[in-house]
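First up is the structure itself, then whatever we jot down about it.
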Amino acid sequence: MKTTVSSRGQTVVPARIRRAHHIEPATRLEWIDDGQTIRVVPIPADPVGAALGSTRGLREELIRERERERRVG
């Protein structure tokens with residue numbers, strides 16, 4: 001997808017991307033410039049709430065991994 005930057009430095013986030021990433025009016029965007037590319041990342045209104053559940057299953061996976069390590073030696 002391509003967009004154009006206006007003379008005021010503004011651009012449009014295409015509707016398909018807005019819907020897919022839940023970008024709504026007042027959504028803050030982080031612009032990350034690594035010197036070669038630019039990434040635009042939406043910042044959730046509630047970052048803590050958005051992070052909840054991101055580690056779901058991690059505890060169980062760590063326990064299984066430890067058990068495998070114990071069996072192997």
Side-chain angles (χ1 to χ4, degrees):
M1 263 176 247
K2 297 179 183 177
T3 63
T4 303
V5 177
S6 74
S7 61
R8 294 181 58 195
Q10 298 171 324
T11 192
V12 172
V13 178
R16 189 172 87 192
I17 291 175
R18 288 194 317 266
R19 284 191 299 268
H21 297 279
H22 309 288
I23 298 172
E24 300 171 347
T27 297
R28 296 177 62 213
L29 302 174
E30 177 77 23
W31 293 74
I32 302 169
D33 181 357
D34 67 11
Q36 294 182 329
T37 61
I38 301 168
R39 291 182 294 147
V40 181
V41 180
I43 300 171
D46 178 13
V48 172
L52 289 176
S54 65
T55 60
R56 181 167 293 149
L58 179 61
R59 178 182 181 275
E60 291 77 16
E61 178 60 31
L62 290 173
I63 290 171
R64 283 193 297 272
E65 184 177 327
R66 289 287 168 92
E67 289 171 355
R68 282 191 299 268
E69 290 173 355
R70 286 185 189 124
R71 284 192 300 267
V72 173

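Along the sequence shown, residues carry numbers from 1.
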Taking ILVMFWY side chains as joined if any heavy atoms are under 4.5 angstrom apart, and letting links pass through other members, which residues group with V12? none

Going by the side-chain hydrogen bond (donor to acceptor under 3.5 Å, both in side chains) test, which pairs reach into residues 29-43, not counting sequence neighbours? D34-T37

In the hydrophobic clustering (ILVMFWY, side-chain contacts below 4.5 Å, transitive), which residues join V41, or is it alone? I32

Starting at CD of E67, measure out to CZ of R70 and round the result to the nearest 0.5 Å. 7.0 Å

Pairs where residues 11-24 contributes a residue and the test side-chain hydrogen bond (donor to acceptor under 3.5 Å, both in side chains) is met, not counting sequence neighbours: T3-T11

Do you reckon V13 sits in the same ILVMFWY cluster as V5, going by side-chain contacts under 4.5 Å, direct or chained? no

Show the nearest heavy-atom pair for residues P42 and T27, with the distance to one decimal. CB-CG2, 4.2 Å

Connected-component partners of L58 among ILVMFWY, side-chain separation under 4.5 Å: L62

With sequence neighbours left out, what residues match E65 under salt bridge (Lys or Arg N to Asp or Glu O under 4.0 Å)? none

